[in-house]
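As structure tokens, the structure follows; a few thoughts come after it.
One-based numbering along the sequence shown.
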Amino acid sequence: IGYMYSDRKVYSQNDQVHVWGFLKTRDGSAVPKNASITLTSNVYGYDRPYESSPVEYLAVPISVTDQGFFTTQFSLPRVTMGSYAINLEWGEVAPMSRSISVEEYRKPVYTLDLTLDRRAVVVQDSVNFTAKAQYFDGTPVAGKKVNVGTDWDGGQSYVTAQDGTISGQIPIQYTDRRNVQAQMTEPGQVPASSSQWLQVFDSSVQIRADGKIKQDQIMVDIDTRRVDITDQDWDYIKNPRPNTEVSVHATQTWYEKIPMGESYDFIRKSVMKQYRYEEHIDTIYTNKVVTDGNGKASVSFPRPRKDAY
């Protein structure tokens, strides 16, 4: 298992490709010291619908550190435009692969720089943005449309002022990590774009619960944290939230085996009983607890059924 990255997804012919990553075995044994990075055709690429097996174009030996880290670089060989795969391999094992494409590079007419007034928000809040468009010599781009949106909506169109800037506010409606993007599109030109990641929390309080079963007792450890969207280190939930009332509601799911009759198995030449399985979800524990000065609490209760989860 591990991770592998390249410095970008799109390259021009004869470009230099930088690759790095981390590798670890599932059983904790030593990672292989000698491996290789290969460049092959991408059998799943849209430009090679009839290719049954990848074509290897180069193989670069790499060394993996004792901690499992690796890094290398290579120049693209003489390949045509299309889709390719960077693979990590040792022996007959190829645990990781990353797709790249080789395309003709066209420089955008403009540059676009997007900034957000914060990097984290709570859902139903808003984030303010500014963006500046300019030519590559630094001259502002005035009177041009810029679309600003997120990966959960189509965005809204703005027109740049004389200094090439736009500003606005985006309401946040969904949780998780979101991408805010600004884009300028001109007919026949390469779009100019800029994006920023935004972390969205569902509440100003985060609750973590860790449950385990021991000797037919279910034990749950609770940890409450305060969300601090102003943290400069992006560690937004590092501070505990003490003296917090938490409602605990536990359910168990199990399946009842219900006879449905019989059928004849012509291969085994025997009568087979038929069953259906009906799902049941039962409430087994409800309570309220208050966390201590470190934002922690714990509860325990009996496990009613061993065949449930």
Side-chain angles (χ1 to χ4, degrees), residues 1-26 29-115 119 134-136 151 177-186 188-198 234:
I1 59 174
Y3 302 91
M4 181 172 65
Y5 303 93
S6 59
D7 54 342
R8 57 185 189 272
K9 293 283 290 182
V10 181
Y11 296 86
S12 298
Q13 290 176 309
N14 302 317
D15 265 354
Q16 191 84 356
V17 180
H18 296 262
V19 180
W20 66 95
F22 170 76
L23 181 65
K24 184 178 181 180
T25 58
R26 292 184 182 275
S29 59
V31 297
K33 296 296 182 182
N34 298 315
S36 63
I37 294 292
T38 63
L39 178 72
T40 64
S41 57
N42 193 343
V43 294
Y44 301 105
Y46 64 89
D47 51 334
R48 296 184 178 88
Y50 304 111
E51 192 171 85
S52 59
S53 59
V55 177
E56 183 176 300
Y57 295 97
L58 62 78
V60 180
I62 62 170
S63 296
V64 183
T65 67
D66 292 338
Q67 294 76 29
F69 296 98
F70 63 88
T71 180
T72 190
Q73 62 185 47
F74 59 87
S75 296
L76 283 173
R78 296 178 63 87
V79 294
T80 59
M81 307 292 181
S83 178
Y84 297 88
I86 300 173
N87 312 288
L88 172 66
E89 299 181 359
W90 72 84
E92 298 182 353
V93 180
M96 283 178 281
S97 181
R98 182 175 178 85
S99 295
I100 64 171
S101 60
V102 177
E103 302 176 7
E104 179 184 1
Y105 177 74
R106 292 190 298 157
K107 187 176 180 179
V109 178
Y110 318 114
T111 64
L112 194 60
D113 184 32
L114 173 70
T115 58
R119 300 304 298 270
Q134 57 186 6
Y135 295 95
F136 279 87
D151 50 5
R177 197 164 183 245
R178 298 297 176 180
N179 188 34
V180 182
Q181 184 176 52
Q183 187 173 58
M184 297 176 64
T185 303
E186 290 284 319
Q189 302 292 339
V190 178
S193 63
S194 179
S195 62
Q196 296 285 349
W197 284 105
L198 181 69
W234 298 5

More than 12 non-hydrogen atoms from neighbouring residues, nucleotides or ligands closer than 6.0 Å to CD on Gln16, yes or no? yes
Of the non-hydrogen atoms in Ile100 and Ser6, which two are nearest, and what is the gap between them? CG2-OG, 4.1 Å
Hey, does the side chain of Gln13 reach the backbone of Val79 with a donor-acceptor pair shorter than 3.5 angstrom? yes
Quick one: pull up CD in Gln73 and NE2 in His18 and give me the separation to the nearest 0.5 Å. 4.5 Å
Looking at every non-hydrogen atom in both residues, tell me the closest pair between Ser194 and Leu112 and how far apart they are. CB-O, 3.2 Å
Is a donor on one side and an acceptor on the other found under 3.5 Å between the side chain of Ser36 and the backbone of Ala59? no
Smallest separation among heavy atoms of Val109 and Phe136, with atom names: O-CD1, 3.6 Å
To the nearest 0.5 Å, atom OH of Tyr5 lies from atom CD1 of Ile86 at 14.0 Å
Are the side chain of Glu56 and the backbone of Thr38 linked by a donor-acceptor contact shorter than 3.5 Å? no
Which heavy atom of Gln67 sits nearest to which heavy atom of Phe22, and what is that distance? O-CE1, 3.0 Å
To check you understand the geometry: which heavy-atom pair defines the closest contact between Leu114 and Ser195, and what is its length? CD2-CA, 4.1 Å
Value for CZ (Phe69) from OH (Tyr3), rounded to nearest 0.5 Å, stands at 11.5 Å
Across all chains, not counting sequence neighbours, the salt bridge (charged side-chain N to carboxylate O under 4.0 Å, His left out) partners of Asp15 are Arg8
Short question: side chain of Lys9, backbone of Ser99 - any donor-acceptor pair under 3.5 Å? yes
Compute the ring centroids of Tyr11 and Tyr84, then answer whether they are less than 6.0 Å apart. no
Value rounded to 0.5 Å, distance of OG1 in Thr115 from CD in Gln196: 7.5 Å
Let me know which of Leu23, Leu88, Thr71, Val19 forms a side-chain contact (heavy atoms from CB on, under 4.5 Å) with Ile62. Leu88
Please examine the side chains of Tyr110 and Tyr135, heavy atoms only from C-beta on, and report whether any two atoms are closer than 4.5 Å. yes
Of the non-hydrogen atoms in Ser97 and Asn87, which two are nearest, and what is the gap between them? OG-OD1, 2.8 Å
